[in-house]
Amino acid sequence: MDNTIILYLVLFLFAGAVCFADTHIPAGDVFGTWEASGSPYYIDGEIHIPTDSMLVIEPGCSIIFSGAFKFVVDSNAVLKAMGTETDSVFFTPQYSFVHWYGIKFNFSADGCTLSYCRIEYSDSSGIYCYNSSPTITNNTISGNSAQDGGGIYCYYYSSPTISNNTINGNSASNYGGGILAGNGSNIIIFNSILYSDSADTGGNEIYIDSSATMTVIYIAYSDIDSADCFIETGAGGIVWGAGNINENPLFEDTMFHLSAGSPCIDAGAESVYVSIWDTIIYAPEYDLKAAL
């Protein structure tokens, strides 16, 4: 073997190492940028974005939890996990028999964003918002389970915008298989599918509890069965905007892509005026292929 061939072989092996690198993240603080070149990122303990810090997760990253660990965004911290239409960010467990514990926004700063992410198989809420208002758009949130709020849990003055998402196949031992909200949360759900979520006690898709401060959810241009939404007495309510349907979305595969005959195709809107809060919400330029 001459020197030229040896050089090519070394370069090939080096390129392979770069393309297929993996990164192990121990328990502790995380911030900065996670790039696709370092993916997959194996999470080997509970991680926190500390106060006044930011973590950006770039398209093409897989965040794989090796144990029952949670991902916490602390007070005044920012998480931006932003994939693209063709290159998602994955949050998933390494093993089918040991699930992770979800993404927890806890008094987090404005500007937190989950976009084009797949958040799956958490044994706590997939996304937990406590006095936090992340933008949750173009995600697939599926297979998560919790006592309450299997897919998304919003509590204590959280006001997230939930648009262009598929929330499917999540479960709760008690309330709110898809979403649970309470204590002053004001939520906008737009261009989304909530389907086939389940709860043992009440609210397969949405449950609003009767906490001290009323909670209101505005829903427009979404596929959801109102009979699977439960509101406790005195809890607040759901404002049903325009364009909602109650149909089987006809997913064609386990990635929740829509089949050609899906009633959700072209059933969304580019924007919606939310009269109760006098605001206009715009859909992203590109929607998730599995969403409305």
Side-chain angles (χ1 to χ4, degrees), residues 80 82 105 108-117 127-141 149 151-168 176 178-195 197 203 205-232 234-247 249 263-288 290-292:
K80 291 184 178 293
M82 303 174 68
F105 294 96
S108 306
D110 292 339
C112 291
T113 303
L114 295 171
S115 179
Y116 294 102
C117 296
I127 302 169
Y128 182 97
C129 305
Y130 189 82
N131 198 1
S132 303
S133 302
T135 297
I136 302 170
T137 181
N138 276 326
N139 303 290
T140 298
I141 303 164
I152 301 175
Y153 189 112
C154 297
Y155 214 72
Y156 194 61
Y157 302 102
S158 296
S159 301
T161 297
I162 301 171
S163 66
N164 292 68
N165 297 282
T166 295
I167 302 171
N168 176 271
I179 297 173
L180 183 141
N183 205 2
S185 294
N186 293 318
I187 300 167
I188 296 171
I189 300 174
F190 173 51
N191 281 3
S192 292
I193 297 170
L194 287 91
Y195 183 77
D197 299 298
E205 299 301 343
I206 294 176
Y207 189 93
I208 302 178
D209 79 5
S210 60
S211 45
T213 305
M214 289 202 309
T215 289
V216 177
I217 299 179
Y218 180 90
I219 304 175
Y221 295 96
S222 293
D223 187 0
I224 181 172
D225 186 351
S226 61
D228 281 331
C229 302
F230 187 89
I231 306 165
E232 288 188 1
I238 295 174
V239 177
W240 296 95
N244 293 301
I245 61 174
N246 173 20
E247 302 283 350
C264 297
I265 294 174
D266 295 328
E270 293 182 359
S271 64
V272 63
Y273 173 64
V274 184
S275 58
I276 57 172
W277 294 308
D278 191 26
T279 188
I280 299 175
I281 301 297
Y282 295 93
E285 182 178 0
Y286 300 102
D287 67 352
L288 185 66
L292 288 166

Trp240 to Cys229 - nearest heavy-atom pair and separation
CH2-SG, 4.2 Å
Hits for side-chain hydrogen bond (donor to acceptor under 3.5 Å, both in side chains) against Tyr282, two or more places apart or cross-chain, chain-then-number order -> none
For Pro263 against Ile245, the heavy-atom pair lying closest together:
O-CD1, 3.9 Å
Should Pro160 and Cys154 count as side-chain neighbours, where that means a heavy-atom distance under 4.5 Å?
yes
For the residue pair Ile206 and Ile219, establish whether any side-chain heavy-atom pair is separated by less than 4.5 Å.
yes
With Tyr153 via ring pair (Phe, Tyr, Trp, His ring centres under 6.0 Å) - residues at least two apart:
Tyr128, Tyr155
Compare every heavy atom of Ala181 with every heavy atom of Ile187, then report the nearest pair and how far apart it is.
CD1-CB, 3.6 Å
Tightest non-hydrogen contact, residues Asn186 and Trp277, listed as CB-CZ2, 3.3 Å
Is any side-chain heavy atom of Ile224 closer than 4.5 Å to a side-chain heavy atom of Ile189?
no
For Tyr157, which residues count as a side-chain hydrogen bond (donor to acceptor under 3.5 Å, both in side chains) partner, sequence neighbours excluded?
Thr213
With sequence neighbours left out, what residues match Ser133 under side chain to side chain contact (heavy atoms under 4.5 Å, CB included)?
Ser159
Just to verify, which of Val272, Ile281, Thr161, Ile238 counts as forming a side-chain contact (heavy atoms from CB on, under 4.5 Å) with Tyr218?
Val272
Contacts of Glu232 meeting side chain to side chain contact (heavy atoms under 4.5 Å, CB included) (sequence neighbours excluded), chain-then-number -> Tyr207, Asp209, Ser210, Phe230, Ala235
Looking at residues at least two apart in the chain, or sitting in another chain, which of them share a side chain to side chain contact (heavy atoms under 4.5 Å, CB included) with Tyr156?
Phe107, Tyr130, Asn131, Asn183
For Asp110, check side-chain hydrogen bond (donor to acceptor under 3.5 Å, both in side chains) against everything at least two apart and list the hits.
none
With Asn246 via side chain to side chain contact (heavy atoms under 4.5 Å, CB included) - residues at least two apart
Asp225
Is there a side-chain contact between Ile179 and Ile162 (heavy atoms, below 4.5 Å)?
yes
Locate the shortest heavy-atom distance separating Ser192 from Asn164; write the atom from each residue and the value.
OG-N, 3.3 Å
Set of residues satisfying side-chain hydrogen bond (donor to acceptor under 3.5 Å, both in side chains) with respect to Ser163, sequence neighbours excluded
Thr137
Do you know which two heavy atoms are closest between Ser108 and Ser132, and how far apart they sit?
N-OG, 2.9 Å
